[in-house]
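Have a look at the structure below before the remarks.
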Amino acid sequence: MLDTTSLTRAVDHFADRLRAAPQSRLQRGAAAEALGLARELALRAQRVEDPSGKPREMPEAGMFAAADQITVAAHDLALVLRDEAEVAEAVALVEEAQKRAGV
């Protein structure tokens, strides 16, 4: 079984920082950055699960749902990742998004 602990830790850390962030920080782009990440992670999971299927975009559920959205998308992706390189790539995406979000 593939070890996705590093992805889970990175996403949980980002999600915790989002939940602790003031509303003003979320409004200044942290929530939008998180939504973008959630959409990218969900798209990657969909491509693995159904390469020929039409991608579905994760809806915007509001700035206070951003932490939950990245958590759900990352956990879905973790279930379909095939190797350590894909895990490392997903972790890098999360860490880069967190830096851009400023949380």
For residues 7-14, which side-chain N or O atoms pair as donor and acceptor with protein atoms under 3.5 Å away, sequence neighbours left out?
| unit_1 | atom_1 | unit_2 | atom_2 | d |
| --- | --- | --- | --- | --- |
| Thr8 | OG1 | Thr4 | O | 3.3 |
| His13 | ND1 | Gln98 | OE1 | 3.3 |
| His13 | ND1 | Gln98 | NE2 | 3.1 |

Over all atoms of both residues, closest heavy-atom pair of Ala73 and Ala42: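 Reported closest heavy-atom pair: CB-N, 4.0 Å.
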Heavy-atom pair of closest approach, residues Ile70 and Leu41: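 Nearest heavy atoms, Ile70 then Leu41: O-CD1, 4.3 Å.
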Taking only distance into account, with no hydrogens and no angle test, what donor-acceptor pairs under 3.5 Å do side-chain atoms of residues 49-62 form with protein atoms, sequence neighbours excluded?
| unit_1 | atom_1 | unit_2 | atom_2 | d |
| --- | --- | --- | --- | --- |
| Asp50 | OD1 | Gly53 | N | 3.3 |

Spatial distance of atom CG (Leu77) from atom CD (Gln46) [nearest 0.5 Å]: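 Rounded to the nearest 0.5 Å, the CG-CD separation comes out at 10.5 Å.
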Gap between atom CD of Glu84 and atom OG of Ser6 - 0.5 Å precision: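 Separation between the atoms: 7.0 Å.
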Under a 4.5 Å side-chain heavy-atom rule over Ile, Leu, Val, Met, Phe, Trp and Tyr, are [X] and [Y] clustered together?
| X | Y | value |
| --- | --- | --- |
| Val48 | Val72 | no |
| Leu37 | Val91 | yes |
| Leu81 | Leu43 | no |

Worked verdict on Leu93 versus Arg44 for side-chain contact (heavy atoms from CB on, under 4.5 Å): CA-CA 11 Å; Leu93 286 173; Arg44 287 171 183 248; 3.3 Å; yes
Donor-acceptor pairs are to be reported for all side-chain atoms of residues 18-35 against protein atoms at under 3.5 Å, with residues two or more places apart or in another chain.
| unit_1 | atom_1 | unit_2 | atom_2 | d |
| --- | --- | --- | --- | --- |
| Arg19 | NH2 | Asp68 | OD1 | 2.7 |
| Arg25 | NH1 | Gly102 | O | 2.5 |
| Glu33 | OE1 | Arg100 | NE | 3.4 |
| Glu33 | OE2 | Arg100 | NE | 2.9 |
| Glu33 | OE2 | Arg100 | NH2 | 2.8 |

